[in-house]
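In what follows, chains carry the letters A, B, and so on, assigned in the order in which the sequence lines appear, proteins first and then strands, with residues in each chain numbered from 1.
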Protein chains: 2
Amino acid sequence: MSADPALRREIPDATVARLPEYLRTLSRLAEDGVPSVSSEELAAAVGVRSAQLRKDLSHLGSYGVRGVGYDVETLALEISRALGLTEDWPVAIVGMGNLGHALASYSGFVTKGFRIVALFDDDPALVGERVVDIAIRPLAELDDKHAVDPISIGVIATPAQAAQAVCDRLVGAGISSILNFAPAVLSVPAGVDVRRVDLSTELQILAFHAQRKALAAGHLGTAVVS
Amino acid sequence: MSADPALRREIPDATVARLPEYLRTLSRLAEDGVPSVSSEELAAAVGVRSAQLRKDLSHLGSYGVRGVGYDVETLALEISRALGLTEDWPVAIVGMGNLGHALASYSGFVTKGFRIVALFDDDPALVGERVVDIAIRPLAELDDKHAVDPISIGVIATPAQAAQAVCDRLVGAGISSILNFAPAVLSVPAGVDVRRVDLSTELQILAFHAQRKALAAGHLGTAVVS
DNA sequence: TCAACTTTGTGCATGGCTTCACAAACGTCT
DNA sequence: AGACGTTTGTGAAGCCATGCACAAAGTTGA
Ligand SMILES: NC(=O)c1ccc[n+]([C@@H]2O[C@H](COP(=O)([O-])OP(=O)(O)OC[C@H]3O[C@@H](n4cnc5c(N)ncnc54)[C@H](O)[C@@H]3O)[C@@H](O)[C@H]2O)c1
Ligand SMILES: NC(=O)c1ccc[n+]([C@@H]2O[C@H](COP(=O)([O-])OP(=O)(O)OC[C@H]3O[C@@H](n4cnc5c(N)ncnc54)[C@H](O)[C@@H]3O)[C@@H](O)[C@H]2O)c1
């Protein structure tokens, strides 16, 4: 039986990483009432080459019309499906300090299939506080199957030293997708996905390039490499 | 004249992206009093292959000792130098909402050469408020050269719709390294580096893989495609 | 209906990154 | 001093991603 190519075929990681950007731009175009775009236009808006955009989209199936371009709504829907955003993804945040609070109250979170269903923190001073109508609970309640709704994605926003222990708990509760904001490398069993967002790393990469630019300017005078 | 290989040679982007992680792990080892590590040990701690670690480090120069390994302190220093962390990087944050506040009060920021020197927000209700001893100012003051210290790195934490205008202002003020938390693609002139941190993108990538796992388990039973 | 024009989808070449595998280099022990 | 075990640094190979270029496919207009 023929199923959705998006679900059967292998989509390269590099492509998957760009799909959210395509989707965001398409959503904006849809809001503006734009009915269709060419690969050239969409690529320019996203900041990639048109050939790359077409190759990326070809992994999802063949949704363009030659001589015309892509229907904005259709393409947005197909990317949403490929990413799994047509389903509902219940999210839990562990660690309700500065960052946890910002994440919990971030509205952009909810827009696309993601729904915060639980907030955890072990600090007694925080337990019971309500953020966006959800009460903060001690992490121990995660183990009590009757106390929490199903959770698909766990977000770790605790200090680094607590991250591995929190991660183990999440994995123990059957969560196999984790977004980690703590500067720590997490060990997880096979089958569990961890992605890390690290502010310091990003700053350090910027610093590296800034240093290069400064050295190039200083050593080479005005001329910079082509 | 012979200069530091780290500064003269071309270091691949993929390597640069991993150096901060190596550095963080080395710093932890140094704190624990570990004098030296082999590439095998360090790679295991970071979660990469030892061959990759060695190749990455080879781009900085030859700081290992065959039969022994790497001196932790020396290697940490060399990575710091390669990344430019021996210099001081003054940072400004624009947009002091939920995220901006979290970033400004984040202590891990300061640890490695980064120093927050200015906070901007156009909301009159926020202007004047002090966060970690720095007063929030209107963004217009960025143009007044006498009002602000030099800034190397600009962090954008405003809503997406304001991001491009804020970015233009930062670039206009001579800032050529920008960290963007808003879900928007920024246009900048050549020579300006922009890195984006996007929570939604990360969640969507996790959702994609979670969907794959669910489909593999549901549709194919136990057997998964080779 | 048919020709001219536009844009997609993709085979192929190119370049960069990762992994393997091993010689060279170093310390240690006898 | 010399043999032995360990670990680095790196050529070579394989792999993946990117970019080019064009045939195929569709639209538009006469
Ligand atoms: N604040 C930022 O801008 C920022 C930026 C990048 C990364 N981070 C990282 O995000 C993490 C959180 O940062 P923050 O500024 O919110 O820190 P924070 O100290 O304000 O908050 C951490 C919270 O985690 C809770 N916690 C600690 N151990 C716990 C456990 N075992 N179980 C449940 N809760 C636990 C604490 O009670 C606290 O409320 C840190 O790892 C930090 O390095 C923060
Ligand atoms: N809060 C989060 O957890 C989170 C996570 C990921 C991404 N983001 C993104 O980060 C950005 C900020 O998020 P937030 O939750 O802090 O939003 P927020 O609304 O709480 O804060 C935005 C701040 O920017 C200021 N601002 C708006 N326009 C400005 C301008 N032109 N010049 C200077 N200041 C201006 C506003 O006054 C406000 O204080 C948004 O783009 C959001 O999508 C937030």
Handout entry: Gap between atoms CD and P, on B/Gln52 and D/dC16 respectively (whole Å)
Key = 15 Å

Exercise for the section: Find out whether A/Leu85 and A/Phe114 are in side-chain contact, i.e. whether some heavy atom of one side chain is under 4.5 Å from a heavy atom of the other. Expected result: yes

Practice task
Return the nearest nucleotide to the side chain of A/Ala14; candidates are D/dG19, D/dG9, D/dT18.
Solution key: D/dT18

Exercise for the section: Tell me whether the OP1 or OP2 atom of C/dG9 has a side-chain N or O from A/Tyr70 closer than 4.0 Å. Expected result: yes

Exercise for the section: Send over the distance from A/Glu40 CD to D/dG19 P, rounded to a whole Å. Expected result: 13 Å

Handout entry: Given DNA chain C, 5'-ward residue of the pair A/Ala51 and A/Gly67, judged by closest heavy atom
Key = A/Gly67

Practice task
For A/Leu57 and D/dA17, give me the distance from atom CG to atom P, rounded to whole Å.
Solution key: 16 Å

Handout entry: Under the side chain to side chain donor-acceptor pair (under 3.5 Å) test, residues paired with B/Glu87 that sit two or more places apart
Key = none

Problem - Evaluation steps, side chain to side chain contact (heavy atoms under 4.5 Å, CB included), between B/Leu19 and A/Gln204 - result: CA-CA 9 Å; B/Leu19 289 180; A/Gln204 288 175 23; over 6 Å; no

Problem - Between C/dT7 (P) and A/Leu75 (CG): distance, integer Å - result: 16 Å

Problem - Polar pair under 3.5 Å, donor/acceptor by atom type, side chain A/Lys55, base C/dG9 - result: no

Handout entry: Nearest-neighbour nucleotide for the B/Arg49 side chain, C/dT19, C/dG9, C/dT7 considered
Key = C/dT19

Exercise for the section: Check every atom of D/dA24, D/dT10, C/dC26 against the side chain of B/Arg54 and return the nucleotide holding the closest atom. Expected result: D/dT10

Completion exercise
Rounded to whole Å, CG of A/Leu53 lies from P of C/dT7 at a distance of 14 Å

Practice task
Let me know, please, whether B/Val65 or A/Asp13 comes out on the 5' side of the other along DNA chain D by nearest nucleotide.
Solution key: B/Val65

Problem - Interatomic distance where CG belongs to A/Asp56 and C1' belongs to C/dG9 [whole Å] - result: 13 Å

Practice task
Decide yes or no for B/Val91 and B/Val155: does some side-chain heavy atom of the first lie under 4.5 Å from some side-chain heavy atom of the second?
Solution key: yes

Handout entry: Atom pair distance, as rounded to whole Å: NE2 in B/His59 and P in D/dG9
Key = 12 Å

Practice task
Respond yes when some side-chain nitrogen or oxygen of A/Ser39 is under 4.0 Å from OP1 or OP2 of C/dT7, and no when none is.
Solution key: no

Exercise for the section: Report yes or no: is there a donor-acceptor pair, N or O only, under 3.5 Å between the side chain of B/Arg66 and the base of D/dT8? Expected result: yes

Practice task
Please collect all side chain to side chain donor-acceptor pair (under 3.5 Å) contacts where either partner lies in residues 149-165 of chain A, sequence neighbours excluded, each pair once.
Solution key: A/Gln164-A/Asp168

Completion exercise
Atom CG of A/Asp71 and atom C1' of D/dT27 are separated, to the nearest Å, by 16 Å

Handout entry: Which nucleotide in C/dG27, D/dA23, C/dT18 has an atom nearest any side-chain atom of B/Val68
Key = C/dG27

